[in-house]
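What follows is a single structure, written as structure tokens, with notes after it.
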Amino acid sequence: MSDPDLLHDNRTTPMSAGPREWLGLAVLALPTLLLAMDVTVLYLAVPHLTADLRPTGIEQLWIADIYGFMIAGFLITMGTVGDRIGRRKLLVLGASAFTAASLLAAFATSPLLLIIARALLGIAGATLMPSTLALISNMFRDAGQRAMAIGVWATCMSAGMAAGPIIGGLMLASFWWGSVFLLAVPVMALLLITAPVLLPEYRDADAGRIDLPSVLLSLATILPVIFGIKKAAEAGPSALPIAAIITGTGFGWLFVRRQGALTDPLLDLRLFGNPTFRAALLILLFGLGTVGGIYLFITQYLQLVRGLTPLGAGLWLLPPAGALILASTLTPIIARKVEPRFVVAAALALATLGYLALGFVDAVGGVPVLVSGFVLVYAGISPLMVLGTDLVIGTAPPEKAGSAAAMSETSMEFGVATGIAVLGVIGTAVYRAEVAGAPVPGVQAGAQEAAEDSLAAADAAATDLPAHLGDAVLNAARDAFTNGLNTTALVCAAITAALTAVALTLLRPTADEASTSR
């Protein structure tokens, strides 16, 4: 093999990282920043693409969360592919695919085409995410350096979430909604140029073949469950969505049984034998699920309830984003002196207070309360990404770092996507029940039905009504949406409070494992 980099594996990497590794970390920050920005800028673009493409409420949910579900569905598979063909190679291939899918999304002319483009973006994103974290785990073998590198990685993710609303708001102020997807083009171009120069290649020389039936079973597990959740969100519980969820669960059982019988499984179930590993994944799953679900409501509240521009909404989201960046930076430093489980538990308690504050936001003057509560939420969620990820990787043996990285990313991405879907269903159900329960007198049935679908649809329907009726419809819809936000926030508070107890009781690493977080 002519490229000496291709001979790297976990056993030949020096313990102490040098200048090349730290420069390589800067390169890995590029896709991390972009993937974080891609989520937040879409939330800001939702009112604009809704006005242009006129998606239904369920199509709007598909546009928002199909990206995360496809990432979650393919992460483990792509992590295994990276182990075999090389993680740098997979990163480069994924960057090229992400660029092409971004162009398709930018110029989509229908909700269906945008959903397809977002799905392709998710598949491409699944090649990027395990590559970045697995390369970090390979490049930084020293526990202290790895914790610092993961802290930088999490800070870059936080910075992307912070920059997304501002950059997206600026672009939406001057260009059409599709322009937000074009942010990927220059970022990925820079990655394609620098990655071959600064990133060494890593692959598992002893890895077996990819088990195609396991890949198919993993997809057959996730996709029917997604379908069931979506159909239940659209039309309520019925035989079809329940059957889809049961079918996906059945395929999941077959997937687990097959992994246990394979010599080279797609998912090494032995990793779950470590209680710290299991607890960290659980906290990442539900912790990120709460913030993913509430974020969509917050951005729509700022724009559709309070009437702010995308840029104005982005500016109001700067304080929470600043708290996220600050907490990501300080967490590795604090964790050197305080046991990680106490840091995670305190962070979850802080997030719980933030969600409780969001439960009391009103439709008229609630912006200061909303921003203050979201500051606490972001400050509390950030340590989960840093310490949770480090605990997942640190408790796995070095030769399984790629699989552990993929599972960590899968847990976070699936958590965010599931949070958007499940919490979106809860908030939407509250909204629809309130709007349907108090119809505005004098409004035609068609306009009333549109208002019951979503706040964005109510906003569009109000423009075709006389001013006094339009204002009445909008006021009722805004109150109902705010109540949906309140209910969703209180559900999030209950979840994070329960996770606080999980962190205190189950995140008990051994002395060696605890040192990986310090």
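Note that the structure is a prediction, hence the values are computed from the model and not measured. Reckoned from all heavy atoms, side chains included, excluding hydrogens, waters and symmetry mates.
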For T299 and Y295, indicate whether the former's side chain and the latter's backbone hold a donor-acceptor pair under 3.5 Å. yes
Distance-only polar pair, side chains of W176 and D52, donor-acceptor under 3.5 Å: no
Evaluate side chain to side chain contact (heavy atoms under 4.5 Å, CB included) for L103 paired with L182, printing each intermediate quantity in order. CA-CA 6 Å; L103 290 170; L182 297 181; 3.7 Å; yes
Hydrogens and angles aside, do Y355 and T290 bring a side-chain donor and acceptor to less than 3.5 Å of each other? yes
Please round to the nearest 0.5 Å and tell me the distance separating atom CG of L387 and atom CD of E339. 11.0 Å
For the student: nearest non-hydrogen atoms of L356 and A493, plus distance: CD2-CB, 3.8 Å
Can you tell me how far apart CE (M70) and CD1 (I123) are? Round to the nearest 0.5 Å. 4.0 Å
Rounded to the nearest 0.5 Å, what's the gap from CD1 on I381 to CG on L348? Could you check? 6.5 Å
With the side chain counted from C-beta on, respond yes when P275 and L506 share a heavy-atom pair under 4.5 Å apart, and no when they do not. no
Side chain to side chain contact (heavy atoms under 4.5 Å, CB included), that's the test. Do L384 and L499 meet it? Break it down for me. CA-CA 11 Å; L384 307 188; L499 290 178; 5.6 Å; no
Report the relative orientation of the aromatic rings in F481 and Y431; use parallel for angles under 30°, tilted for 30 to 60°, perpendicular for over 60°. perpendicular
Given ring-ring contact (aromatic ring centres under 6.0 Å, His included), test F255 with F251 step by step and report yes or no. CA-CA 6 Å; F255 174 79; F251 278 116; over 10 Å; no
Atom pair OG1/CG of T329 and L324 - distance to nearest 0.5 Å: 9.5 Å
Nearest heavy-atom pair of T500 and A349: which atoms, and what distance? OG1-N, 3.6 Å
Show your working on side chain to side chain contact (heavy atoms under 4.5 Å, CB included) between L423 and I294 and close with a plain yes or no. CA-CA 7 Å; L423 296 175; I294 203 68; 5.7 Å; no
Between N475 and R478, is any pair of side-chain heavy atoms under 4.5 Å apart? yes
If you define the side chain from C-beta out and look only at heavy atoms, does anything of L254 sit under 4.5 Å from T221? no
A503 versus R341, closest heavy-atom pair with distance: O-CB, 3.5 Å
Under 3.5 Å donor-acceptor, S382 side chain and A379 backbone: no
So, for P383 and T331, which heavy atoms are closest and what is the spacing to 0.1 Å? CG-OG1, 3.5 Å
Can you check whether L358 reaches V369 side chain to side chain, under 4.5 Å on heavy atoms? no
Considering only heavy atoms from C-beta outward, does the side chain of P320 approach that of V377 to under 4.5 Å? no
Quick one, L350 with T496, criterion side chain to side chain contact (heavy atoms under 4.5 Å, CB included). Give me CA distance, side-chain angles, the key distance, then yes/no. CA-CA 9 Å; L350 189 64; T496 51; over 6 Å; no
So how far is it from L121 CG to T99 OG1, rounded to the nearest 0.5 Å? 9.5 Å
Do F181 and F107 touch side chain to side chain, with heavy atoms closer than 4.5 Å? no
Distance (rounded to the nearest 0.5 Å) between L315 CG and L308 CG: 9.5 Å
Measure from NZ or CZ of R278 to the centre of the six-membered ring of F272, then state whether that distance is under 6.0 Å and the direction lies within 45° of the axis. no
Exactly one candidate in T482, T488, L490 meets side chain to side chain contact (heavy atoms under 4.5 Å, CB included) with N486; the answer is T482
Is there side-chain contact between L485 and V305, with at least one heavy-atom pair below 4.5 Å? no
Heavy atoms, side chains only, cut-off 4.5 Å: are W177 and L53 in contact? yes
Is a side-chain N or O of R118 found less than 3.5 angstrom from the main chain of I63, in a donor-acceptor match? yes
Just by modelled atom types, is the L28 backbone N or O under 3.5 Å from a matching donor or acceptor in the T132 side chain? no
